[in-house]
Every structure is written in C-alpha cells, then in structure tokens.
Amino acid sequence: MRHPYPIREIARQAGLSEATVDRVLNDRGGVRESTVREVRQAIKDLDRQRTQVRIGGRTFMIDIVMQTPERFSTAVREALEAELPALHPAVMRSRFHFRETGRAADLAATLDKIAKRGSQGVILKAPDLPEVTAAVGRLIAAGIPVVTLVTDLPGTARRAYVGIDNRAAGATAAYLVGQWLGDRPGNVLATISRGFFRGEEEREMGFRSAMRNHQPHRTLVEVTDSDGLDATQYDLVLEALERDPSVNAVYSMGGGNASTVAAFDALGRECAVFIAHDLDHDNTRLLREQRISAVLHHDLRQDMRHACQTIMRAHKALPDDGPSLPSPIQVVTPYNVPPKRAVSVGS
C-alpha cells in the first residue's frame with residue numbers, strides 16, 4: 001500500500017495502533033478485512049487533506065459521526081474539506097464515521113470507541129434516543145466537546161447546535177404551500193425519514209401548526225420510517241397516494257424526493273407544490289427540471305466552519321463569541337439556483 005505518510009500519522013487518522021497499521025501496510029496478515037479498509041480510508045483521507053496541512057499552528061483531530069443518507073454525508077465531507085483553508089493557522093484533521101441506518105446501540109458503540117480512543121471534538125448528526133444521549137454524556141465526561149449538526153440533542157450537555165431553526169423552516173414550508181395552492185383543494189403529503197430525529201420532528205411541528213392556523217381544511221398525510229432512502233421511500237409514498245387521491249402537494253423533511261416524484265408519475269398524478277430541504281445533487285436536478293417547487297437551503301460550508309470554530313473555542317484556541325444564532329434559511333426556486341461550484345447543502 002504505497003503512501004508518503006509516517007505510520008504514526010496513518011495510525012492517528014485511522015484510530016488504530018501503530019503496530020496494527022504496520023501489519024496492514026506490510027501485508028503481514030492476522031488483521032481483519034475491515035481493519036485493512038480503515039487503513040486504506042485513512043490514507044485516502046490524508047491524501048485529500050494534506051494540501052491543507054501546514055507546519056505551525058495548532059492541530060485538532062475531530063470525528064464526524066452521522067446517521068444520514070449517503071448524499072448528505074458526502075456533502076458534509078466536501079463542505080468540511082472545502083472550509084479547511086479558512087481555519088488556518090489552525091489545522092483541522094478529521095475522521096469520518098458515516099452510516100445510512102442502523103441500531104442506536106451500534107451508533108452509541110461508535111461514540112464510546114471515540115471516547116476511549118480520544119478526540120478533540122465530535123460533530124454529530126444522530127437520532128434523539130436514550131442510548132445515543134447517554135453515549136454523548138460519556139464523551140463529554142471524557143472531556144470531548146460535542147457539536148450537533150442540523151438535528152439537535154437538547155437533553156445533552158453538547159457544546160452547541162449548528163443548523164437552521166427547524167420549526168421556522170416547517171412554518172416557512174407551510175406558508176409556501178398555502179401561497180401556491182391558494183384556493184385550490186387538496187391535501188398535503190408530509191414525508192419524514194425517522195421520527196427519532198429532533199430536527200425533522202421540529203420541522204413537522206412548525207409545519208403542522210402553521211397549516212392548522214392558516215389552512216385548517218387541508219389534511220396532512222404522513223409518511224415516515226424510510227430513512228430518507230429512495231429504495232424504501234417509493235413504496236411508502238405510492239401506498240399513501242393510493243390511500244388519498246386528493247393529495248396534490250408535498251413537504252419533504254427527510255429526503256428520498258426522486259422516489260416521491262416517481263410515485264406521483266407512476267399513478268399519473270399531478271404534484272402542484274413540492275417543498276424540499278437540501279440542495280443535494282438529486283434536489284438540484286429536480287429543481288432545474290421544475291419537478292419540485294422550492295428547496296429550503298442553508299450554507300453547509302458556513303455551518304461546518306462554525307462547528308469547527310466551536311470546537312476550537314472549547315479548547316480556548318479562539319475567544320468565546322457568545323450564543324450562536326441559527327443558520328439563515330434561503331428559499332431556492334428553479335430561477336435562483338446557485339452556480340454549481342457554489343452549491344452547498346444542509347439538511
């Protein structure tokens with residue numbers, strides 16, 4: 001496995017011992033295939049990040065832990081690595097722990113492994129479940145600051161939440177649906193990836209409250225437990241549409257929007273209004289094709305910079321600047337999509 005890095009640097013990036021990395025690099029055997037993959041991934045991460053590494057300044061090793069569809073975890077990785085130069089003279093090194101779905105106990109085990117191994121900070125997107133919040137408590141007890149990203153864990157002593165005001169985002173979606181539907185009859189499909197994510201729960205609360213106050217005649221038809229994945233979203237949406245022929249609008253809080261559009265197409269049904277979150281690749285394409293009406297967008301690069309600076313403040317490397325404010329929400333339509341090179345997504 002060719003590389004230009006000292007073994008101790010690869011070991012630190014992978015979170016493994018130097019002896020284990022040495023066995024992998026020299027093909028001595030006795031190592032699990034998963035460990036070999038971890039070493040290879042560490043070298044790839046170092047390759048991407050080495051242009052940001054400079055002699056001097058302070059180095060922070062942080063862990064990014066996320067349960068989210070691959071399209072969003074990829075956007076987070078890209079946003080973080082794009083922001084690294086702006087953090088100089090400090091150097092941020094990052095390890096990534098991504099999964100699309102799974103048991104809360106497994107996610108807690110990942111956090112416990114980080115607590116045991118050590119880290120200078122964790123950026124976390126996770127469901128608000130007892131096993132997870134308990135593991136966050138153990139991280140904090142170990143002196144590791146935690147920043148929640150796009151969905152909060154308010155029952156923990158996390159250092160900060162970084163992201164939008166999700167309740168306000170839901171109310172904004174309700175306003176847009178009402179404005180575009182006007183006096184036209186019809187019910188609204190509300191799609192959620194999982195009810196355990198606080199961010200989506202708050203979006204749903206804001207949306208439902210605003211709809212109840214301003215459009216009480218419309219019924220909300222809920223679809224959940226898809227994990228925001230197209231593979232599971234399609235059948236759930238198809239069933240909901242067949243159950244309620246009057247659904248002609250969508251508020252998507254958790255993704256899987258290509259499958260939602262496909263389900264409408266399969267039944268020959270019109271979707272008059274479609275409000276989504278995140279300028280990921282799927283939503284940008286659907287927006288340009290005018291298959292969705294608007295995307296509620298925020299600057300993920302700015303969020304990642306804020307999260308990293310929060311961790312630096314926890315270590316007294318930056319002065320405290322007081323409570324953080326929610327990220328601004330932008331309403332993006334097919335007519336104001338940012339240029340491709342400037343697009344960054346948020347969930």
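In what follows, every heavy atom counts, from backbone to side chain, and hydrogens, waters and symmetry copies are set aside.
Glu18 and Arg8 are not joined by a salt bridge, as no carboxylate oxygen comes within less than 4.0 angstrom of a charged side-chain nitrogen. Ion pairing of Arg291 with Asp265 is present here, as a side-chain N (NZ or NE/NH1/NH2) and a carboxylate O approach within less than 4.0 Å. Ion pairing between Glu242 and Arg269 fails under the 4.0 Å rule for side-chain N and carboxylate O. In this structure, Arg313 does not pair ionically with Asp320, as no charged nitrogen and carboxylate oxygen lie closer than 4.0 Å. Checked for salt-bridge contact, Glu83 and Arg305 meet the test: a charged N lies under 4.0 Å from a carboxylate O. A salt bridge does not link Arg194 to Glu204: none of the charged side-chain nitrogens sits closer than 4.0 Å to a carboxylate oxygen. Ion pairing of Lys44 with Asp47 is absent here, as no side-chain N (NZ or NE/NH1/NH2) approaches a carboxylate O to less than 4.0 Å. The residues Asp45 and Arg40 are annotated as not salt-bridged, no charged nitrogen and carboxylate oxygen being separated by less than 4.0 angstrom.
Looking at Arg203, its side chain does come within 3.5 Å of a backbone N or O of Met253 through a donor-acceptor pair. In this structure, the side chain of Asp165 engages the main chain of Arg167 through a donor-acceptor pair within 3.5 Å. Side-chain atoms of Arg95 come within 3.5 Å of backbone atoms of Arg12 as a donor-acceptor pair (strictly under, hydrogens ignored).
Both the sub-6.0 Å distance and the 45° axial angle are not jointly satisfied by Arg93 relative to the ring of Phe60. Taking the centre and axis of the six-membered ring of Phe98, the NZ or CZ atom of Lys125 falls outside the cone set by 45° and 6.0 Å.
The closest side-chain heavy-atom distance from Phe196 to Val132 is not below 4.5 Å. Proximity of Glu38 to Val24: side-chain heavy atoms (C-beta onward) are nowhere separated by under 4.5 Å. Looking at heavy atoms from C-beta onward, Ile144 lies out of side-chain contact with Ile140 at the 4.5 angstrom threshold. Within the 4.5 Å cutoff, the side chain of Leu229 has heavy atoms near those of the Glu100 side chain. Within the 4.5 Å cutoff, the side chain of Asp152 has no heavy atoms near those of the Asn166 side chain.
Note that OG1 of Thr101 is 10.5 Å distant from CG of Leu107, once rounded to the nearest 0.5 Å. Arg301 CZ to Asp303 CG: the interatomic distance, rounded to the nearest 0.5 Å, is 12.0 Å. Between atom CE of residue Met61 and atom CD1 of residue Ile311 there is a gap of 12.5 Å, rounded to the nearest 0.5 Å.
Aromatic ring centres of Tyr251 and His277: separated by under 6.0 Å.
In summary, the side chains of Arg218 and Asn187 do not present any donor paired with an acceptor at a separation below 3.5 Å, with no hydrogens or angles considered. Between the side chains of Asp282 and Asn257, no donor-acceptor pair is found at a separation under 3.5 Å. Donor-acceptor pairing under 3.5 Å is recorded for the side chains of Ser193 and Glu200. A donor-acceptor contact under 3.5 angstrom links the side chains of Ser226 and Gln233, judged on distance only.
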